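As structure tokens, the structure follows; a few thoughts come after it.
A, B, ... follow the sequence lines: proteins, then strands. Residue 1 opens every chain. Values in this document were obtained by computation on a predicted structure and should not be read as measured data. Values below: all heavy atoms of this structure, side chains included; hydrogens, waters and symmetry mates excluded.
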Amino acid sequence: MIDWHSALNPAQLEAVFYRAGPLLVVAGPGTGKTRVLTYRIGYLIDAGIARPDQILAITFTNQAAREMSGRISKILESSEVDSRPGIATFHGWALGLLKKRLGREARLLIDEMDAIGICRDAVRDLGLSLARAQGIYRRISQAKQYWPPRIDKGLEAVYHAYHLILKEYGLWDYDDLILEVLRLFEDEKFRAEFHTEVPFVLIDEFQDVSPAQYCLVKAMVKRDGDITVIGDPNQSIYGFRGADPGSMQQFSIDFKGVKTVILDTAYRSPQAFLDAAKGVARIKGICLKSKRRHIHRLEIRSFKGPGAEAKWVARTIEQIVGGLSFDSLNNGTARGSNLRGLSDVAVLFRFRALGTQIAKALASQGIPFQRADDPDPLAQEELCSIWRVWEAVKGRGIQYHLKRMPGNDDLWHKRIQDLRSSPEASDGPRLLSSIIEMLGLDPNRPVLRALQRTVERYPEEDSLAVLIRTESDILDLNIEAVSLLSIHAAKGLEFPVVFMIGCEDGIIPWKEADPDEERRLFYVGLTRASEKIYLTHVRCRRLFGQEMDAGPSPFISDIPEGLLVRAQGHRPKRARKPRQGRLF
DNA sequence: GTGGAGAAGATTTTT
DNA sequence: TCTTCTCCAC
């Protein structure tokens, strides 16, 4: 028996039990968003309202999908349900649906790296050699965030050339998945069938859906259907991808009789952090109330340059995990030991480049850390070649992969044909060894051995890309290491101690970005912390060869002064110099 | 197909 | 400033 009432607060209960059509849940940071989603799914199943296969929950990342699956399994431990609800990202779900629906007609999904490569080809074919493929790809992708795609005049030629190549090789890029599914849904009959088969839809992080995804949501669910969307307009930080903080409001207009539930009890952040964040994001109306009683302040420090900033961050982390409690750090009175581990600490920044210096400083202090922006393992040449041969052997995009293999096309063609007709084609581990041998790689290299083990562990997994990426999964929060993250990447995560570095005008807000979105980004950063926040800025930073010395971020002055502690970056100069002169 | 010179451009990111 | 890409010569 599940004890709903002790697991959920009244607002959460209202959301979980609501049964009369479209539901909009506005959930501030740390108010139990995932909790509501998982319990709602659990309730639908446990109460016999829905069969698991009638439920589809869409999350923002694969990681979130995995986490939610795990939590639902836990909730349903005691109930006798054998199947599990569908939980996936938009893209993951779309790909599955397309494969099921189109069978052999389904195309091969390529990643961004390959898509940029194809853009390059398209640009070359058009004789526009000066244009930059990466920029073009970004613009094409931008256009495909809308339905129908918004192709501006200057882009038309490359856009069509790019898609012609995709078609020729039978490929889809990630954005195509959404658009192709939208195409499926244009068929009345298909739509009606879907409405009957999957009548319960839940969407997480709704403030960040793209316009095309929004259209898809409208197609997936009837206007008065059983849809739950949950999100926080103040955490909408993907405007560059077309997301619009107004989409939550729009939901109330587009769906019929929408019920709105507001979750305003925050379990993560202390009130001071919420108030500070609120000041920056200029939030009116909804007021989050913290359940955490302690008095906390945000500490601000100023440094001469990035080097000093990084060094200080490293030293402070060392102190924190060295066993000093926060209270003793703050006011000099040691009160018990709040021992902290490295995984309790995150360093957040506006963009990658800022993380590099911190990484260096941590490395030189011997502090273990992990970065969320580690490069895609498939970008490594060997792994990429292995993946290409694997895919070709599986019959996916043969022509395409052949073109991209180093060396002679015909030779590879023959080798791949041989492999395809041999028995190991359907035996993952054996296929992998053959490919490694064929490529002349040393099978004893640690990366390849790790890959071999992974393939053995998941013999039913057909996609090597999935295996490679799962293994080197971006961020493992259980590892004892400091997390270095962009603020974007930190969305949805929580850490006791958060450092936000580079709080300077021109960095956050980034000078070319939408200032309101930058405010929301700062809001997201501040609401990641549950115990301690350090904000740092430097007086002079060199970025892209240019000196930046515009002063601290204007957002800092939007934080009520009473919530701040201003501390010197290092020993004050004025005190030291004259004394030294006199004494020595 | 490689290597060197020169130019361009440089957030944020999911799949 | 630094990296990444393009172009052209060999």
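- The distance between atom CD of A/Q235 and atom P of B/dT13, rounded to the nearest whole Å, is 16 Å.
- Ring-to-base geometry does not place A/F240 in a stacked arrangement with B/dT13 (centre distance under 5.5 Å, plane angle under 30° required).
- Donor-acceptor pairing under 3.5 Å, judged by distance alone, is present between the side chain of A/R350 and the base of B/dT11.
- Backbone-only engagement by A/N62 is indicated by non-hydrogen atom pairs under 4.0 Å involving sugar-phosphate atoms exclusively.
- Between the side chains of A/S553 and A/E504, no donor N or O sits under 3.5 Å from an acceptor N or O.
- Nucleotide B/dT12 holds its P atom 20 Å from the CG atom of A/D516, rounded to whole Å.
- Remark: the separation of the P atoms in C/dT4 and B/dT11 is 11 Å, to the nearest Å.
- Heavy atoms of A/R120 sit under 4.0 angstrom from primed sugar atoms or phosphate atoms, though from no base atom.
- A/E112 comes within 4.0 angstrom of a nucleotide base, judged by non-hydrogen atoms across all strands.
- A close approach under 4.0 Å does not occur between any side-chain nitrogen or oxygen of A/S210 and OP1 or OP2 of B/dT14.
- Map A/Y137 and A/E512 each onto its nearest nucleotide of DNA chain B; the residue landing nearer the 5' end is A/E512.
- Put simply, CG on A/D514 is 18 Å from P on B/dT11, counting in whole angstrom units.
- If you find the closest nucleotide of DNA chain B to A/G135 and to A/D175, the one lying nearer the 5' end belongs to A/G135.
- Residue A/Y238 is in sugar-phosphate contact alone, with no base atom involved, counting any heavy-atom pair closer than 4.0 Å across all strands shown.
- Counting to the nearest Å, the P atom of B/dT15 and the CG atom of A/L216 are 17 Å from each other.
- When distances run from any side-chain atom of A/Y174 to the nucleotides C/dT1, B/dT13, B/dT15, the shortest one goes to B/dT15.
- Taking a centre distance below 5.5 Å and an interplanar angle below 30 degrees as the stacking criterion, A/F351 does not stack against the six-membered base ring of B/dT11.
- For the 3.5 Å distance criterion, the side chains of A/S69 and A/R84 fail to qualify, holding no donor opposite an acceptor.
- Side-chain N/O atoms of A/R268 and A/T527 include no donor and acceptor closer than 3.5 Å.
- Here the C1' atom of nucleotide B/dT13 and the CG atom of A/D111 are 14 Å apart, to the nearest Å.
- Within the 4.5 Å cutoff, no side-chain heavy atoms of A/F555 are placed close to those of A/L535.
- At least one side-chain nitrogen or oxygen of A/R352 sits closer than 4.0 Å to the OP1 or OP2 atom of B/dT12.
- Counting only N and O atoms by type, the side chains of A/D244 and A/Y214 include no donor and acceptor under 3.5 Å apart.
- Atom CD1 in A/I116 sits roughly 12 Å away from atom C1' in C/dT4 (whole-Å rounding).
- Scanning atom types as modelled, one donor and one acceptor separated by under 3.5 angstrom connect the side chain of A/R241 and the base of B/dT14.
- One can place NE2 of A/H488 at 13 Å from P of B/dT11, the figure rounded to the nearest angstrom.
- Across the P atoms, C/dT3 and B/dT12 are found 16 Å apart, a figure rounded to whole Å.
- Within the 4.0 angstrom heavy-atom criterion, base atoms lie near A/F544.
- Rounded to whole angstrom, the span from the CH2 atom of A/W510 across to the P atom of B/dG9 amounts to 15 Å.
- Checking side-chain atoms of A/E309 against main-chain N and O of A/I501 turns up no donor-acceptor pair under 3.5 Å.
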